[in-house]
Visitor: 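Structure in structure tokens, see below.
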2 protein chains.
Amino acid sequence: MARPRSVSKEDSLELALQLFWERGYDLTSIADLSAAIGVGPSSLYNSFGSKENLFRLAIERYLSTHAAPTLGRLDDKDAGTAVEYARGLLREAAKLYTSKGFPRGCAMFEGAGSGPPEQSPACAMTHAIKRDLNKTIRKRLDAYSRSGEMLSASSKVLAAFLLGSMRGLSQLACDGANRTELMGVADHAAQSLTGP
Amino acid sequence: MARPRSVSKEDSLELALQLFWERGYDLTSIADLSAAIGVGPSSLYNSFGSKENLFRLAIERYLSTHAAPTLGRLDDKDAGTAVEYARGLLREAAKLYTSKGFPRGCAMFEGAGSGPPEQSPACAMTHAIKRDLNKTIRKRLDAYSRSGEMLSASSKVLAAFLLGSMRGLSQLACDGANRTELMGVADHAAQSLTGP
DNA sequence: CGTCAATTGGAGCGATGACTACAAAACGAC
DNA sequence: GTCGTTTTGTAGTCATCGCTCCAATTGACG
């Protein structure tokens, strides 16, 4: 029994996400968001509290929608061999980073600076997520090792390599590499997990 | 026959570089630079003209000093096999990205946003450099191909992979990975160039 | 219709952004 | 010492930042 919001929270978050995705946290101002969403700044603050919180919610939306297929590959337990697991993960990432109608690269990697957690609020929140990604990949590789598969390096090194590859793919996408090129890089990186 | 500058241009550029390196172009303000260098803003503008130009000169200094060993590996024609070439390049980069007493990661990759050239002045200048890096790597790989060495993929894919690996290493360094870990990733990535 | 609750647009807050105007200061040349 | 040249610090320009205050608006409910 009150005035209804002119734009739904979901719609607002999706529009905010796309701005953060394209320009990053620092270069996206409240005025930009306000104009893109079509509501005044006061409505944004009434709904989301702060720019930092809006970013957090936008990234959460990103992870649970756009990035869901990629995250699903992260702990895909039916991926076949380790190489096939890595290929599935990196190809899915490459696909996400070159989706038509959306900004290039990864919204989380590129949306916040890549600095240490204390550099900015946005860095702090994405830093924790990246740690989780690394941990998840490493667990999956450890499982391959335990089941007897020979890998080309330790799970620690390979987890860092795969996460680094995802970030490299994101940056290549930002710089204009097309999907075909990214898929080639993804395939090559995945293939490198082959044991001796 | 005029008043001498209180801080040399070289010293100013080195200090400016380290700030841009650590915080990036956008998050480094003229006031920050002024305080770190120990001169007023007017001196900075008198010496360098604009923030954009100061950044350009700082990055040029970075490339010609700190990054010189890494750039030297880029077209090292006495590197042995392609795998050895890649290993030399990536290990030198890993070393640069974890130098004691300097910010983590690559000043050029992390100092400017990773967006398209039109996103910001800083992006525009680094974009051109990245294109050159790719081209140089590819030429080197083509030379290996022409001399009969079998590679694991096309020079186009491998050049993108190697540049992507450098950027991945830089980001891992920014997130706190230590030198040993980066060296492991570098070795692994280089090893992947082995022909079939 | 009147009431209450939530949202809205707009105006404006203090802080900070890049940048500049200007006069005092510091040298070499004379 | 005086002059000319360049650098210096200070103060201030206008724009924009994240954010807030407030009165007007919009509905469902009685």
Side-chain angles (χ1 to χ4, degrees), chain A residues 1-17 19-59 111-113 115 118-125, chain B residues 1-17 19-59 111-113 115 118-125:
Chain A
M1 52 164 160
R3 178 173 178 174
R5 34 173 27 91
S6 61
V7 183
S8 75
K9 277 202 177 192
E10 294 232 325
D11 288 353
S12 295
L13 281 179
E14 179 62 28
L15 288 164
L17 166 60
L19 275 196
F20 283 132
W21 195 344
E22 188 166 13
R23 308 206 263 247
Y25 179 81
D26 296 302
L27 294 185
T28 305
S29 70
I30 296 292
D32 293 334
L33 293 161
S34 171
I37 298 175
V39 300
S42 62
S43 298
L44 254 48
Y45 280 89
N46 182 50
S47 299
F48 303 108
S50 70
K51 183 186 178 186
E52 181 181 340
N53 195 242
L54 175 55
F55 178 74
R56 227 198 60 227
L57 294 171
I59 292 298
E118 58 273 12
Q119 186 166 96
S120 84
C123 284
M125 87 153 278
Chain B
M1 52 165 161
R3 178 172 179 173
R5 36 172 25 92
S6 61
V7 183
S8 75
K9 277 201 177 191
E10 293 232 326
D11 288 352
S12 295
L13 281 180
E14 179 62 28
L15 288 165
L17 166 59
L19 275 196
F20 284 132
W21 195 344
E22 187 167 13
R23 309 204 262 244
Y25 179 81
D26 295 303
L27 293 185
T28 305
S29 70
I30 296 291
D32 292 335
L33 293 162
S34 171
I37 298 174
V39 299
S42 62
S43 298
L44 256 47
Y45 280 90
N46 182 51
S47 298
F48 304 107
S50 68
K51 182 185 179 186
E52 180 182 342
N53 195 242
L54 174 55
F55 178 74
R56 228 199 58 228
L57 294 172
I59 292 298
E118 61 271 11
Q119 185 166 96
S120 83
C123 285
M125 86 153 278

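All chains are named by letter (A, B, ...) in the order of the sequence lines, taking the proteins before the strands, and each is independently numbered beginning at 1.
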Visitor: So, using side-chain contact (heavy atoms from CB on, under 4.5 Å) as the criterion, who are the partners of B:E118 when residues are at least two apart?
Guide: B:P116
Visitor: Is a donor-acceptor contact shorter than 3.5 angstrom present between the side chain of A:R3 and the base of D:dT26?
Guide: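 Such a pair does not exist between side chain and base.
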Visitor: Once rounded to the nearest 0.5 Å, what's the spacing between atom CG of B:L19 and atom CG of B:L27?
Guide: 11.5 Å
Visitor: Only pairs at least two apart or in different chains count here, so list each salt bridge (Lys or Arg N to Asp or Glu O under 4.0 Å) that has a residue in residues 35-57 of chain B.
Guide: B:R56-B:E60
Visitor: Do any N or O atoms of the protein come closer than 3.5 Å to N or O atoms of nucleotides 16-18 of chain C, and which pairs are they?
Guide:
from: C:dA18; atom 1: OP1; to: B:T28; atom 2: O; distance (Å): 3.4
from: C:dA18; atom 1: OP1; to: B:K51; atom 2: NZ; distance (Å): 2.6
from: C:dA18; atom 1: OP2; to: B:I30; atom 2: N; distance (Å): 2.8

Visitor: Please list every donor-acceptor pair under 3.5 Å in which a side-chain atom of residues 42-50 of chain A meets a protein atom from a residue at least two apart or in another chain.
Guide:
from: A:S47; atom 1: OG; to: A:R5; atom 2: NH2; distance (Å): 2.4
from: A:S47; atom 1: OG; to: A:S43; atom 2: O; distance (Å): 3.0
from: A:S50; atom 1: OG; to: A:N53; atom 2: N; distance (Å): 3.1

Visitor: In terms of the nearest nucleotide of DNA chain C, which residue is placed more toward the 5' end: B:S50 or A:P4?
Guide: A:P4
Visitor: Residues in side chain to side chain donor-acceptor pair (under 3.5 Å) with B:S8, at least two apart?
Guide: B:D11
Visitor: If you find the nucleotide of DNA chain D closest to A:L27 and the one closest to A:S42, which residue's nucleotide is nearer the 5' end?
Guide: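 First, find each residue's nearest nucleotide; the 5'-ward one identifies A:L27.
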Visitor: Only pairs at least two apart or in different chains count here, so list each salt bridge (Lys or Arg N to Asp or Glu O under 4.0 Å) that has a residue in residues 19-38 of chain B.
Guide: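 Salt bridge (Lys or Arg N to Asp or Glu O under 4.0 Å) check on residues 19-38 of chain B returns B:R23-B:D32.
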Visitor: Can you list everything that forms a salt bridge (charged side-chain N to carboxylate O under 4.0 Å, His left out) with A:E14? Sequence neighbours excluded, please.
Guide: A:R61
Visitor: So which protein nitrogen or oxygen atoms get under 3.5 Å of nucleotides 13-15 of chain C's nitrogens or oxygens?
Guide:
none

Visitor: Hey, could you give me each pair passing salt bridge (Lys or Arg N to Asp or Glu O under 4.0 Å) that has a residue in residues 35-46 of chain B? Not counting sequence neighbours.
Guide: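 Non-adjacent pairs meeting salt bridge (Lys or Arg N to Asp or Glu O under 4.0 Å): zero.
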